[in-house]
Amino acid sequence: MTGKVDWDANQYLRFEDERTRPPLDLIQRVRLTEPRRCIDLGCGPGNSTELVAARFPGAAVEGLDSSPDMLEKARKRLPQLSFTLADLENWSADGRYDLIFANAALQWIPDHPALFARLAQSLAPGGVLAVQMPNNLSEPSHVSMDEAAAEGPWAGRLANARSSKALIGSFSDYRRWLMEAGCEVDIWQTTYVHALAGHDAIVEWFKSTGLKPYIDPLPAGEREAFLALYREKIARAYPIEPDGKVLLRFPRLFILAVRS
């Protein structure tokens, strides 16, 4: 994970199976024969790093994250690997990588034209940049965050939260930026549909990620009031299925770039 605040690894891992599906799909599309050096940017608790290490057992695999709590879990999970505490926004590569893997991390970083150019320049010739980012800002799960933030007594304090989301570029944007950086580019989008155990599960899912800029600035009482208002909104947006589940639609953008 990335960003200026620490992240709750235990909360994040409550949905580990669902969260690991996208990086598993991504790593299976990476076509490298014998990479020597790989890094997982925004590695979180190590679930995505584990996939990289399993896919390329002969490579030196590193993980990088800005969250001490996430890195503590990652080091316990994968004690044989190297993990570094660093802010991805200011990170610069020490040498070139055969694989730069970034699962659900880069959406927190601003200035994507400069960011993706910098990452491409950190690849060895023939190296791969493999990126997955949530592309769900127009989904009810995220629209409801902004609506709840604007309607309560906290509206002024949460104005920055509503405007601080790093904008995801278009398919054309990423293709153009990476081609200009000397890469061949493959882009696709997949909408995952997660059957969750009711509306409370949607709240719990996003408490470890998208909701954090909204709830972290609030004192405990207001935090609970905000979450209650958010839950009311998503309850109207996500109908209950006959088996009691709710279906969380989750579009994710995938990018594979190979440096010439």
Side-chain angles (χ1 to χ4, degrees), residues 1-3 5-25 42 44-48 65 67 69-70 72-73 77 103-105 107-108 132-155 157-162 164-166 168 190-253:
M1 308 292 294
T2 63
V5 297
D6 198 7
W7 301 86
D8 186 336
N10 290 328
Q11 181 74 19
Y12 183 86
L13 288 170
R14 290 185 62 175
F15 301 95
E16 180 176 359
D17 289 346
E18 293 87 350
R19 295 189 191 279
T20 303
R21 284 175 57 191
L24 179 60
D25 291 345
N47 56 317
S48 54
D65 205 282
S67 165
D69 189 45
M70 289 289 191
E72 180 184 357
K73 297 294 189 298
R77 182 178 192 140
N103 175 63
Q107 74 275 9
W108 298 102
Q132 181 273 122
M133 295 183 290
N135 198 15
N136 54 358
L137 294 184
S138 61
E139 288 293 311
S141 58
H142 283 62
V143 172
S144 296
M145 294 178 194
D146 286 342
E147 291 176 349
E151 292 177 15
W154 43 70
R157 279 170 289 152
L158 296 185
N160 288 336
R162 300 198 305 272
S164 65
K165 296 175 181 176
I168 303 297
T190 299
T191 298
Y192 294 83
V193 181
H194 301 296
L196 301 183
H199 299 114
D200 288 338
I202 296 180
V203 177
E204 292 301 313
W205 178 295
F206 289 111
K207 276 171 67 174
S208 66
T209 54
L211 279 169
K212 285 186 70 65
Y214 299 86
I215 61 178
D216 282 2
L218 300 178
E222 285 195 343
R223 185 180 305 135
E224 294 308 313
F226 177 90
L227 290 174
L229 178 58
Y230 174 69
R231 188 193 183 284
E232 290 178 12
K233 292 180 176 297
I234 61 173
R236 294 194 290 268
Y238 295 93
I240 297 176
E241 297 293 304
D243 63 353
K245 302 284 189 178
V246 293
L247 301 182
L248 176 64
R249 300 178 301 278
F250 206 125
R252 294 182 182 268
L253 174 63

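Just so you know, these numbers use all the heavy atoms, side chains as well, and skip hydrogens, waters and symmetry mates.
Within the 4.5 Å cutoff, no side-chain heavy atoms of Ile215 are placed close to those of Phe206. For the pair His199/Ile240, a side-chain contact is recorded, criterion being any heavy-atom separation below 4.5 Å from C-beta on. Looking only at side-chain heavy atoms (C-beta outward), Arg249 and Asn136 stay at 4.5 Å or farther from each other. At a threshold of 4.5 Å between non-hydrogen side-chain atoms, the residues His142 and Pro140 do not count as touching. Contact annotation: the side chain of Leu227 approaches that of Leu211 to within less than 4.5 Å [non-hydrogen atoms, C-beta and beyond]. Looking at Leu248 and Tyr192, their side chains never come closer than 4.5 Å, going by heavy atoms from C-beta outward. Inter-residue side-chain proximity for Thr190 and Asp25 is flagged as unmet; no heavy-atom pair is nearer than 4.5 Å. At least one side-chain heavy atom of Leu158 sits less than 4.5 Å from a side-chain heavy atom of Phe226.
Each of Asp200, Leu196, Ile234 was scored for a side-chain contact (heavy atoms from CB on, under 4.5 Å) with Val246, with one residue passing: Leu196.
Considering all non-hydrogen atoms of both residues, Pro153 and Glu222 come closest at CG-OE2, 4.2 Å. Among all heavy-atom pairs drawn from Lys212 and Pro217, the shortest one is O-CD, 4.0 Å. Pairing each heavy atom of Pro23 with each of Ser48, the nearest pair is CB-CB, 4.1 Å. In terms of heavy-atom proximity, Ser144 sits nearest to Tyr230 at CB-CE1, 3.7 Å. Taking each heavy atom of Lys233 and Ala148 in turn, the nearest pair found is CE-N, 3.7 Å. Across all non-hydrogen atoms, the minimal contact from Gly210 to Met145 is O-SD, 3.6 Å.
Judged by the 6.0 Å and 45° rule, Arg19 forms a cation-pi pair with Trp205.
Checked for salt-bridge contact, Asp17 and Arg21 miss the test: no charged N lies under 4.0 Å from a carboxylate O.
If you take CD on Glu147 and CD on Glu232, they are separated by 12.0 Å, rounding to the nearest 0.5 Å. Rounding to the nearest 0.5 angstrom, the gap separating the CG atom in Asn103 from the CE atom in Met133 is 11.0 Å. Separating the CG atom in Asn135 from the CD1 atom in Ile168 is a distance of 6.0 Å, to the nearest 0.5 Å.
Checking side-chain atoms of Gln107 against main-chain N and O of Ala105 turns up a donor-acceptor pair under 3.5 Å.
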When you look at Tyr238 and Ser141, which way does the side chain to side chain contact (heavy atoms under 4.5 Å, CB included) test go after all the steps? CA-CA 9 Å; Tyr238 295 93; Ser141 58; 3.4 Å; yes

